Amino acid sequence: MTNKSYIILGIDTSCDETSAAILKDDRVLSNVIYSQIEIHKKWGGVMPNLARISHEKHIDAVINRAILNVSKVKSLKLKGKSFGLNDIDAVAVTIGPGLAIALGVGIDKAKEIAKKYNKKLIAINHMEGHILSPLLKGERKFQIPKSKNPKNIEELKFPGVGLLISGGHTQIVRVDEIGRYKIIGDTLDDAMGEAFDKVAKMLELGYPGGEIVERFAKEGKPIYKLPIPMLKSHDLNFSFSGLKTASMYFLQKYAGKKDKQFICDFCASFQFAAIDSVRRKLEKHLELYPTNFILCGGGVMNNFSVRKMVRDVANKHQIKAFFPAKKVYNSDNAAMIALAGFYKMKRGEYEKDIEKIDRRPNWEIEESF
Ligand code: KG4
Ligand code: ZN
């Protein structure tokens with residue numbers, strides 16, 4: 001690891017957000033996200049080809065905006081000089097996991113910039129970005145002053161554990177050091193965010209469903225008994241399809257009773273069952289393996305009850321839980337990709353042959369490049 005300072009451009013087009021960010025080391029100088037939710041809403045899920053078209057349409061504008069925003073960062077002391085792609089040291093781009101044709105847009109753009117400006121190219125695993133997202137530091141409006149997260153990675157006592165809960169993943173990952181990971185628990189079917197989305201669809205509440213289900217759950221009580229997923233399994237894996245099917249039958253049975261209070265109580269019951277299954281597995285992991293901290297990432301971390309569960313578990317086991325300092329860093333963003341790129345740059349892990357970089361839609365975090 002070197003102590004050199006780096007300015008990194010991050011690019012993420014893995015799913016339905018076009019994002020570009022610029023970091024100076026682990027500090028966010030700018031982070032721009034163009035969300036495609038409005039496009040996919042009417043289909044009730046992400047349409048890969050529409051995602052690709054939208055990424056292609058917006059990627060240049062998103063990158064330009066990210067560059068423009070850096071020129072406004074006072075602490076950089078640019079003294080009126082504008083910031084440009086010549087000023088970066090490297091481009092970090094998500095090559096997987098994600099939607100193949102969407103990933104391709106970001107990869108092509110990253111290659112184009114690396115070649116044109118003679119910059120290093122760093123291939124990033126999207127899930128590593130989510131794990132590292134609590135370590136992002138802010139700049140002005142990107143800063144949460146009271147963040148209890150570590151000031152630098154030297155403060156982290158390894159091994160730690162990553163808890164990744166998003167629309168595509170539900171994973172417990174052992175973090176031996178930055179860059180070395182082992183998947184300890186994974187979902188056998190649906191991811192937790194996906195289950196939230198499907199339940200919202202069954203109730204015709206809208207898309208994406210996680211946030212909406214949480215809103216209803218806040219006004220309800222978990223009075224309905226839904227099965228806690230994987231209650232009897234001895235491993236650390238997850239499964240949400242049983243809970244999804246049980247929810248479907250339950251809702252069919254109460255088809256005539258869908259008043260507001262019923263929906264609120266049902267959402268609270270579903271949310272309780274889903275979160276409790278994660279709590280049990282997380283606790284089991286902490287009992288089995290020595291762990292000094294939990295790094296949390298993924299869109300489902302937006303959920304207050306999920307964060308509370310993790311905090312309670314961490315307190316019980318007297319370890320620290322770290323969350324992204326800003327809501328936008330829970331969901332897909334390029335700042336976390338640039339951060340993963342920064343640590344790779346420090347280890348000298350950039351790509352020697354740019355042409356060899358290709359998308360890896362099913363790339364697991366524990367596989368090396
Ligand atoms: O990480 P993310 O932005 O995208 C990837 O899947 O990579 O996660 C999106 C997922 C969606 O399934 C969404 O419904 C869920 O995160 N989500 C939530 C909440 N906010 C977003 N789930 C539960 N409660 C929330 N407040
Ligand atoms: Zn993600």
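Because the structure is a prediction, the values reported are computed rather than measured. One-based numbering, in listed order, for ligands and for the atoms of each.
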| Numbering as shown, the atoms of ligand 1 that approach G167 to under 4.0 Å (heavy-atom distance) | 5 (C), 6 (O), 8 (O), 9 (C), 10 (C), 12 (O)
| Would L205 and L226 show up in the same hydrophobic cluster when neighbours are defined by side-chain heavy atoms closer than 4.5 Å? | yes
| query | Considering only heavy atoms of H126, which atoms of ligand 1 have at least one such atom less than 4.0 Å away? | reply | 7 (O)
| task | State whether the shortest distance between N or O atoms of P208 and N or O atoms of ligand 1 falls below 3.5 angstrom. | result | no
| request: Give a rough value, rounded to 10 degrees, for the angle at the Zn ion (ligand 2) between atoms NE2 of H130 and OD1 of D332. | output: 100°
| Do R279 and E283 meet the salt-bridge criterion of a basic N to acidic O distance under 4.0 Å? | yes
| query | If you measure only the distance, is there a donor-acceptor pair under 3.5 Å linking the side chains of H58 and T18? | reply | no
| query | Can you find a side-chain donor-acceptor pair between D12 and T94 that sits under 3.5 Å? | reply | yes
| Check against side chain to side chain contact (heavy atoms under 4.5 Å, CB included), S133 and F323 | CA-CA 8 Å; S133 57; F323 300 90; over 6 Å; no
| Nearest non-hydrogen protein atom, atom 11 (C) of ligand 1 | D197 OD2, 3.6 Å
| task | Please determine if K352 forms a cation-pi arrangement with Y350, meaning its NZ or CZ atom is less than 6.0 Å from the six-membered ring centre and no more than 45° off the ring axis. | result | yes
| field | Residue part near ligand 1, for H130, under 4.0 Å between non-hydrogen atoms | value | side chain
| field | Taking atom 24 (N) of ligand 1 as the reference point, the nearest protein heavy atom with its distance | value | N303 ND2, 3.0 Å
| said: Are F238 and L286 connected into the same hydrophobic cluster when the rule is that any two of I, L, V, M, F, W, Y join if their side-chain heavy atoms are below 4.5 Å apart? | reply: yes
| Are I7 and V62 connected in the hydrophobic side-chain network, where two residues link if heavy atoms are under 4.5 Å apart? | no
| Heteroatom proximity flag, G299 to ligand 1, N/O under 3.5 Å | yes
| task | Mark up the atoms of ligand 1 that fall under 4.0 Å of a heavy atom belonging to G193, in ascending order. | result | 12 (O)
| Enumerated ligand 1 atoms positioned under 4.0 Å from heavy atoms of G168 | 6 (O)
| Presence of salt bridge, R360 and E367, under 4.0 angstrom | yes
| task | Enumerate the atoms of ligand 1 whose separation from the nearest heavy atom of E214 is less than 4.0 angstrom. | result | 25 (C), 26 (N)
| message | Report whether any nitrogen, oxygen or sulfur of H126 sits less than 2.8 Å from the Zn ion (ligand 2) (N, O or S, backbone or side chain). | response | yes
| task | Give the numbers and elements of all ligand 1 atoms closer than 4.0 Å to a heavy atom of S331. | result | 3 (O)
| said: Testing N125, L103, N362 one by one against P97 for a side-chain contact (heavy atoms from CB on, under 4.5 Å), which residue passes? | reply: N125
| said: For ligand 1 and E17, I'd like to know whether there is a polar contact (N/O to N/O, distance under 3.5 Å). | reply: no
| Looking only at non-hydrogen atoms, which of D332, D12, V300 approaches atom 7 (O) of ligand 1 most closely? | D332
| task | Could you say whether the N/O atoms of G210 and ligand 1 ever approach to under 3.5 Å? | result | yes
